[in-house]
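When reading the values below, keep in mind they use all heavy atoms of this one structure, side chains included, and skip hydrogens, waters and symmetry mates. Being a predicted model, the structure only gives us computed values, none of them experimental.
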Amino acid sequence: MNSSGDVPILIGVGEASERIGAADYAALSPVELASGAAAAAITDAGAAGLAVHIDVIAAIRQFEVSGAHARAPFGVSNNFPRSVAKRIGADPARAILEVVGGQGPQHLVNEFAHAIAGGEMDMALMVGSEAISTVRRLQTLGETRDWSESLDGQLEDRGSGMEGLITLDLIAHGARTAIQVYALFENARRARLGLDRASYAHAMGELFAPFTKVAAGNPHAMSREVYSADDLATVTGPNRLTSDPFPRRMVARDQANQGAAVLMTSVRRARELGVPEDRWIYLYGGADARERTVIEREDLSRSPAAVAACRMALDVAGLALDEIAAFDLYSCFPIAVFNICDGLGLAPNDPRGLTVTGGLPFFGGAGNNYSMHAIASMARRLRAKPGDIGLVGANGGFLSKYSVGVYSTASRPFTFFDSKPLQAEIDAWPAPALDPGFVGEADVETYTIDYSGPAPRAVIIGRTDAGARVVAMATPEDAATVGEMIAHDPLGGRVTVGPGENNKAAILAIHPKGVMSASSPPS
């Protein structure tokens, strides 16, 4: 622990948002949304002239600059954090562009807490935004904007951070997007629980129905609709099946126009600058952990690294799970929430609730920046009930990177924590053998059917009798095989795998297990 004068605290949180069709809709750029959120965070801290004291601004990457092939149709700032700094009257010595991933906001809080406690940083602003909904609307209307900016000044670009998330084994066989890969995780969990399609769909609906009520009361939420479990689980035209088992309303809502920011400093500095103590939020504990690549995980129905990160954060805080009053568990898909619930023994219908924002499918999936909104909402929640304790779990990649923070308004010395020993333990976990050239029958471990194209396609991950893992696909041209998988649930059954086109493994035949094959094709 350290002296109380160097205790890191959150002193300000802010959000900015706009919905298409609202009376005040202005088609703001990502920089404008982020700047609005940053200004709100500074105002929220309750002291004058704070912007000039910010020595570090760290920005979360927008989706349109997150990948090697991503392109921003209206241009971008060459130095996003300094574009924000210019608008709020700050001139930080250091500007950072964080790596890709929804873990980023919480990871930065964990990192900067240590830097502030160690005297390496005075005041830090973390900020991010997305204007995906506006971009798509303007493109649909045939309109254009010039959002490009060129600023001089230092920038620490930490790179994309995409390495080690997914490998060619899955990409080559048609599982390359988040929705496709998370669908594989979700169906693996359904297999572990032994549930049929209808029962599992209802379980996903029951998980997320309470989230819709929270979103309905959040002024920054992109959706205000309240849905029942049946509303979410039932496949209809507006709630079409995307990748089995996900109807559209079960997945992160990327059409969002949202910005969020968090301002941090030390107790000593906050006192010097006149920040009222009722603004202060303490970080009791945290952790950062990373899973291995998807195909190398022993159990595709779980992400034990994320659970271990939660346990470590609670241990650092010296708390038990039942002492947490509020949660925000990253909710891009149901499996991300179920995974933490399964691992910690937390009921999906826990009366404390599992989100303070409304979750990514309903509040909005603001790209890599969602958890900045979660931290902001959590700070307001804890200020409203001083002494309560909240936990934020932030996920990135394909259940790949998980960062956790435990927060409260109650004063406490800062406890330094190091996630490296935990990461070394995770890296030493066993991994299944891979057999990319396998020919023969294998048990179906998981699968998905992707409905995003003109015709559905399917991916299966199986285990050979020797225990090796195999990946195979059925293209839209193989309508008979895909149709069989739609008509008869493949989980619990067998698959015949053989060589396909372009050195890819093909699903040659499906052998469903009779007790689990009772599902009609989706509408």
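Defined by atom type and a distance below 3.5 Å, a donor-acceptor pair is present between the side-chain atoms of Ser17 and His220. In this model, a donor atom of one side chain and an acceptor atom of the other lie less than 3.5 Å apart for Asp450 and Gln180. Residues Thr236 and Asn239 bring no donor and acceptor atom of their side chains to less than 3.5 Å of each other. A donor-acceptor contact closer than 3.5 angstrom is absent between the side chains of Gln103 and Tyr330. Using modelled atom types, one finds no donor on one side chain facing an acceptor on the other under 3.5 Å when comparing Ser371 with Gln106. Of the N and O atoms on the side chains of Ser403 and Asp288, at least one donor lies less than 3.5 Å from an acceptor on the other residue. Under the 3.5 Å distance criterion, with hydrogens and angles disregarded, no donor-acceptor pair is assigned to the side chains of Ser228 and Asp230.
Without hydrogens or angle criteria, Glu130 side chain to Ala256 main chain gives no donor-acceptor distance under 3.5 Å. Here the side chain of Gln255 pairs no donor or acceptor atom with the backbone of Ile132 at under 3.5 angstrom. A donor-acceptor pair under 3.5 Å is formed between the side chain of Thr409 and the backbone N or O of Gly387. Although no hydrogens or angles enter the test, the distance criterion places a donor-acceptor pair under 3.5 Å between the side chain of Arg19 and the main chain of Ala221. A donor-acceptor contact shorter than 3.5 Å links the side chain of Arg224 to the backbone of Pro219. In this structure, the side chain of Asn369 does not engage the main chain of Met372 through any donor-acceptor pair within 3.5 Å. The main-chain N or O of Gly343 is found under 3.5 Å from a side-chain atom of Arg311 such that the two form a donor-acceptor pair. Between the Asn368 side chain and the Arg61 main chain, a donor and an acceptor come within less than 3.5 Å of each other. Of the possible donor and acceptor atoms, none in the side chain of Gln258 sits under 3.5 Å from a partner among the backbone N and O of Glu15. Asn395 places no side-chain N or O within 3.5 Å of a backbone atom of Tyr402 that could act as its donor or acceptor partner.
Nearest heavy atom pair, residue Ala305 against residue Ile426, reads CB-CD1, 3.6 Å. Closest non-hydrogen pair, Val127 versus Ala38, comes out as CG2-CB, 4.3 Å. When all heavy atoms are compared, the tightest approach of Ile11 to Ala270 is CG2-CB, 4.3 Å. Pairing each heavy atom of Ala201 with each of Ala233, the nearest pair is O-CB, 3.4 Å. Here the closest heavy-atom approach between residue Pro73 and residue Gln139 is recorded as CB-NE2, 3.5 Å. Of all the heavy atoms in Gly14 and Ala40, the pair that sits closest is CA-CB, 3.8 Å.
Residues satisfying the ring-ring contact (aromatic ring centres under 6.0 Å, His included) test with Phe112, not counting sequence neighbours, are none. For Asp328, the side chain to side chain donor-acceptor pair (under 3.5 Å) test picks out Thr355, Tyr370, with sequence neighbours left out.
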Determine, step by step, whether Ser129 and Phe80 satisfy the side-chain contact (heavy atoms from CB on, under 4.5 Å) criterion, reporting the C-alpha distance in whole Å, the side-chain angles of both residues, the deciding distance to 0.1 Å, and the verdict. CA-CA 10 Å; Ser129 64; Phe80 191 92; 3.7 Å; yes
Begin from the C-alpha positions of Met485 and Ile460 and carry the test side-chain contact (heavy atoms from CB on, under 4.5 Å) through to its verdict. CA-CA 10 Å; Met485 291 177 64; Ile460 272 183; 3.8 Å; yes
For Lys401 and Glu98: C-alpha separation, side-chain torsions, deciding distance, then whether salt bridge (Lys or Arg N to Asp or Glu O under 4.0 Å) applies. CA-CA 14 Å; Lys401 297 178 275 189; Glu98 179 65 334; over 6 Å; no
Before you tell me yes or no, could you show the steps for Met250 and Leu232 under side-chain contact (heavy atoms from CB on, under 4.5 Å), namely the whole-Å CA-CA distance, both residues' side-chain angles and the distance that decides it to 0.1 Å? CA-CA 7 Å; Met250 298 279 198; Leu232 297 174; 3.9 Å; yes
Test log, rule side-chain contact (heavy atoms from CB on, under 4.5 Å), inputs Met204 and Phe338: CA-CA 9 Å; Met204 293 191 296; Phe338 280 140; 4.0 Å; yes
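Ile179 contributes atom CD1, which lies 5.0 Å from atom CZ of Phe333 (distance to the nearest 0.5 angstrom). The distance from the OG1 atom of Thr415 to the CG atom of Asp315 is 12.0 Å, given to the nearest 0.5 Å. For the atom pair CZ (Phe246) and CD1 (Ile335), the distance works out to 7.5 Å, reported to the nearest 0.5 Å. With values rounded to the nearest 0.5 angstrom, Glu323 atom CD is found 9.0 Å from Leu314 atom CG. Note: Arg290 CZ to Leu422 CG = 14.0 Å, rounded to the nearest 0.5 Å. Residue Ile461 holds its CD1 atom at 4.5 Å from CD1 of Ile295, rounded to the nearest 0.5 Å.
The aromatic rings of His114 and Phe417 lie perpendicular to each other, with more than 60° between the two planes, well past the 30° mark.
Between Tyr451 and Ile486, some side-chain heavy-atom pair lies under the 4.5 Å cut-off. The closest side-chain heavy-atom distance from Pro348 to Val337 is not below 4.5 Å. Two residues are said to be in side-chain contact when any heavy atoms from C-beta on lie closer than 4.5 Å; Leu346 and Leu354 meet this criterion. Residues Glu445 and Leu300 meet the side-chain proximity criterion, which asks for heavy atoms closer than 4.5 Å. Contact of the Arg381 side chain with the Asp388 side chain is registered, since non-hydrogen atoms from C-beta on lie closer than 4.5 Å. Side-chain contact between Cys332 and Tyr182 is present, with at least one heavy-atom pair separated by less than 4.5 Å. Under the 4.5 Å side-chain criterion, counting only non-hydrogen atoms from C-beta, Tyr407 is in contact with Ile375. Between Ser29 and Phe74 there is no side-chain heavy-atom pair separated by less than 4.5 Å.
Residue Arg302 is tested with Glu291, Arg192, Arg297 for a side-chain contact (heavy atoms from CB on, under 4.5 Å); the sole match is Arg192.
Salt-bridge annotation for Asp44 and Arg380: absent, with no side-chain N of the basic residue lying under 4.0 Å from a carboxylate O of the acidic one. Of the charged side-chain nitrogens involved, none lies within less than 4.0 Å of a carboxylate oxygen, so that Asp244 and Arg190 do not count as a salt-bridged pair. Electrostatic pairing of Glu225 and Arg253 does not count as a salt bridge here, judged by no charged N lying under 4.0 Å from a carboxylate O.
Annotation: cation-pi pair Arg352/Phe327 absent, no NZ/CZ under 6.0 Å from the ring centroid and within 45° of its normal.
Between Phe208 and Tyr227, the distance from one ring center to the other does not fall under 6.0 angstrom.
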